[in-house]
Structures are given as C-alpha cells and as structure tokens.
Amino acid sequence: MFDPWPTLAELAPTLGFLAALLLLAEGCRRERLFDWLGERIASAPGARRRFARAFAAAAAITIALSLDATVLLLVPMLLAAAARRRRDPLPAAFASLHLANSASLLLPVSNLTGLLVATQAEIPFTRFAMLMAAPWAVAVAIEWLVLRRRFARPIDAEPDAAPSSDAIPTPRAAIAIVALSLAGVLAASAIGLAPLWPVLAGALVLVAFAATSEGLRASGLVLAVKPLFLIAVVALALLVEWLGELGLSEALAGLVPAGDSPAALLATCLLAALLANLVNNIPATLILIPVLAPAGEPALLAALIGLGVGPNLTPWGSLATLLWRSEMRRAGLGTNDRLIFELGIATVPAILVASTLALWLALELAG
C-alpha cells in the first residue's frame, strides 16, 4: 500500500528552505530593491549599458533569490521602466527569462530543481557551486552572445537615457542582508548545518526591518511564500512516487546511460531536457531524482543542466516561463511564443552540449 509519509518527510526541509527564500525576496520587495534596480537600469547612459545592466541584474537576482524572484519581481519593474521611457521592452524581458532559467545552474538556492537534487542527493552546497560554476559560466556566456546579437537593432536604436526624476535611495540593508544570507548558506553547508537557518534568519530580519517603515500583515507574508505552489509541489511528489511504484522508475531507468563519460552525461542531460519540455521541469525533476540516484552525482548534475536550460526551448518548459508569459500578458505585450521558440533553438542546444562538457571537465578536475 502506498505510504506518503516518507516522501513528505524528505520534502519538508526543501520546501521550508524555499519558503524562507521566498520570504527573503518579499522583504527585498518591501525595501524597494527591485524598484531601485529597475530605475538604475533604465537610467544608465547608453542603450548597450542598459541592456548589460538588465542582463547582470537578472543573473544576480536568479542566483541569490531564485528564478521566481527574477520573473515575478524584477521583470515587472523592467517592463514598467521601459513603458515609462517608451522603449522596446523585449530585450530586457527576454534576457530576464533566459537568465531566470540558465543562470539558475550555479547554486541550489537559485531553482527548486537544484534544491531538490542537492538536498535529496546530499550534495553540499559548496561542492555543488564548485562543480556547476563552469557550466553556469558557459551558459551565461552563450546567452549573452546570442541575445545581444538578436536584439542588436532595437538596443542600438534606443535614445539616450533622460535624467531620472524619481531617485530611489540605495536599499543598503536589503543588499547586505541578502549577501550575508547567501554567505551563511555556503558556510552552513561547509560545516554540515542546514542552510534553512541562515536564510530564515535573514528573511526575518529583513521583514522586520521593512515593517518599521510600513504596515505588515500576516496574510501578506503567507501569500509571499506561495502556499498553493508548495502544496502543488507536494501533490506532484506524491503522484510521482505513486507512479514510480507502478513501474515508471523502472521504465525510465532503462533509458539512463551507464557511466560518467561525456557521451553518457550528455545523453542524461538531453533526456532531462526532453522530459522537462514534455511535462515541465518540476515534475521532471521529481521523476528523475530516484531514477538517477543510483548513477550518482555526475548524472544528477548533468540532468540539472537539462532541467535548468532545457525549458528555454518552449513556452511551457518551466514554471518560470509560464509566470513570465503571465507578466507579459499583464503588461499588454502578448506571450511572444514564436520568439521563445526562436531564441530557444538559438541557445539551448549549444548550451546543453557546452555546459555538459564543462561539467565533465569540472568533475575530472575535482576528482
């Protein structure tokens, strides 16, 4: 008989950590970190510099606060700033979308897929970052080259920035607390302490700091941690566990190549990318973790490249993409599905191959 309790016990630390991270992002929003970033980007002199700042901001927010913060908090600020100044919003919007997925490779905190793998496979966060640094750098470099070339015409056609009439003070407290929380996660991982605690501490401090300047309702904090999304993840995990007992895991295990050669890792990466674009990357992660666990760390990290970058290929590959499309519709800009496919074809295959080779090299050097 199917017993859900072991699955719930395994997921609890991961979902607790994710909730703390979302609460930290909410504190940053209340401290106007995203408004400040949007204004800093919009007021940069020179269109190329503005695009570079948007690109860097999307990567940094994804790494430190997760891809959800990039899509739900940074993207609306960028779209609003572009509308105020009558500029083409697509270059910054698509940079944010692609970086939300691709830049999430670096740290487990950047994406629920990485968090699930790192916690359930017991990969220390510091080792995770060390092994994924090269694949992340390759992915971000390819994204920059392709996006900068694809949007060269609208970027170069933009007028120069007018002086801002709404200077937003630098949110130093938010920046410092996020940096300390991230450092605390890496330090906690190095000494075997659960990374939940430094993030939760940072989130509570930042929310308390924000509460001194504006009213704070408990209902707002509850909504900030996205309870319906967390419940959906639990439901998906239980469904996948049940399907696994019915034979799904055995069927997929036959498709996983043996060994950790470059060819085997690339095949695993491509399998993960395919599955992510068939069923979305979160259920794909839940399906693949038990299947790939016997193959060990190399296979799991190769799969993460496919689960992280692969969703850029289609409009439905990740929750981040679905949320991004919702934000674009809310801003009256449509879903741009044709352009999603176009940019996905131009970036995803190259990144999957190059980042997997970079992972293999990092594994060889790490021993």
Side-chain angles (χ1 to χ4, degrees), residues 6-18 21 62-63 66-68 100-136 139 185-186 188-189 194-196 199 230 233-234 236-237 240-241 244 248-249 252-253 255-257 260 264-276 279-311 317-320 352 355-356 358-360 362-363 366:
T7 300
L8 293 174
E10 289 180 1
L11 274 179
T14 302
L15 296 183
F17 183 88
L18 179 61
L21 198 61
T62 298
I63 292 167
S66 86
L67 75 177
D68 295 318
N101 288 317
S102 296
S104 70
L105 297 180
L106 184 59
L107 296 177
V109 301
S110 307
N111 195 334
L112 179 58
T113 58
L115 194 57
L116 287 167
V117 167
T119 53
Q120 297 203 29
E122 297 183 348
I123 303 174
F125 279 27
T126 47
R127 178 170 175 81
F128 185 106
M130 178 186 69
L131 293 175
M132 296 300 281
W136 172 85
V185 168
L186 298 177
S189 176
L196 164 66
V199 172
L230 299 180
V233 172
V234 171
L236 281 171
V240 167
E241 184 71 19
L248 176 64
S249 297
L252 282 174
L255 301 176
V256 177
D260 55 3
L265 294 180
L266 181 58
T268 300
C269 173
L270 294 176
L271 173 63
L274 176 62
L275 195 59
V279 300
N280 191 271
N281 65 343
I282 293 176
T285 303
L286 295 169
I287 291 169
L288 286 173
I289 286 176
V291 174
L292 296 175
E297 182 182 77
L300 286 166
L301 294 179
L304 273 181
I305 295 174
L307 293 165
V309 177
S318 73
L319 177 65
L352 294 182
S355 290
T356 302
L359 172 64
W360 173 80
L363 288 164

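Just so you know, these numbers come straight off a predicted model, no measurement behind them. We number each residue from 1, following the sequence as shown.
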For the residue pair Ala188 and Pro195, what are the closest heavy atoms and their distance?
CB-CA, 4.3 Å
Flag the pair Leu67 / Leu319 as yes when at least one side-chain heavy-atom distance between them is below 4.5 Å, and no otherwise.
no
If you define the side chain from C-beta out and look only at heavy atoms, does anything of Trp136 sit under 4.5 Å from Leu131?
no
I need the minimum non-hydrogen distance between Gly114 and Phe128, along with the two atoms involved.
O-CE1, 4.2 Å
Go through Phe125 and Leu115 one step at a time and tell me if the side chain to side chain contact (heavy atoms under 4.5 Å, CB included) criterion holds.
CA-CA 9 Å; Phe125 279 27; Leu115 194 57; 3.9 Å; yes
Using the test side chain to side chain contact (heavy atoms under 4.5 Å, CB included), find all partners of Ser102 that sit at least two apart in sequence or belong to another chain.
Ala139, Glu143, Val309, Asn312, Ile351
Give, for atom CG of Leu307 and atom OG1 of Thr285, the distance between the pair rounded to the nearest 0.5 Å.
4.0 Å
Would you indicate whether the side-chain heavy atoms of Val109 and Phe17 approach each other to under 4.5 Å?
yes
Are any of the side-chain heavy atoms of Pro124 and Ser189 separated by less than 4.5 Å?
yes
Approximate separation, where rounding is to 0.5 Å, of Ile305 CD1 and Ser355 OG:
5.5 Å
Is the shortest heavy-atom distance from the side chain of Leu301 to the side chain of Ile123 under 4.5 Å?
yes
How long is the straight-line distance from CG of Leu352 back to SG of Cys269, given to the nearest 0.5 Å?
4.5 Å
Between CG of Leu266 and CG of Leu271, what distance do you get to the nearest 0.5 Å?
11.0 Å
Leu107 and Met132, any side-chain heavy atoms less than 4.5 Å apart:
no
Distance (rounded to the nearest 0.5 Å) between Ile282 CD1 and Leu116 CG:
8.0 Å
Cut-off 3.5 Å, no hydrogens considered: what does the side-chain donor-acceptor table look like for residues 287-295, sequence neighbours left out?
none

Less than 4.5 Å apart, any side-chain heavy atom of Asp260 and any of Glu297?
no
For a quick test of reading the model, state the closest non-hydrogen atom pair linking Ala320 to Asn101 and the distance between them.
CB-OD1, 4.0 Å
What heavy-atom pair brings Ala299 and Thr268 nearest, and what distance separates the two atoms?
O-CG2, 3.5 Å
Separation between OG1 (Thr62) and CG (Leu106), nearest 0.5 Å, reads 11.0 Å
Does any part of the side chain of Leu265, heavy atoms only, come nearer than 4.5 Å to the side chain of Leu363, both counted from C-beta?
yes
Looking only at heavy atoms, what is the nearest atom pair of Asn111 and Ser104, with distance?
ND2-OG, 3.1 Å
Checking Ser318 against Asn281: is there a side-chain donor and acceptor pair closer than 3.5 Å?
no
Shortest non-hydrogen contact between Pro257 and Ala267, atoms and distance:
CG-CB, 3.7 Å
All side-chain hydrogen bond (donor to acceptor under 3.5 Å, both in side chains) counterparts of Thr119, not counting sequence neighbours
Thr14
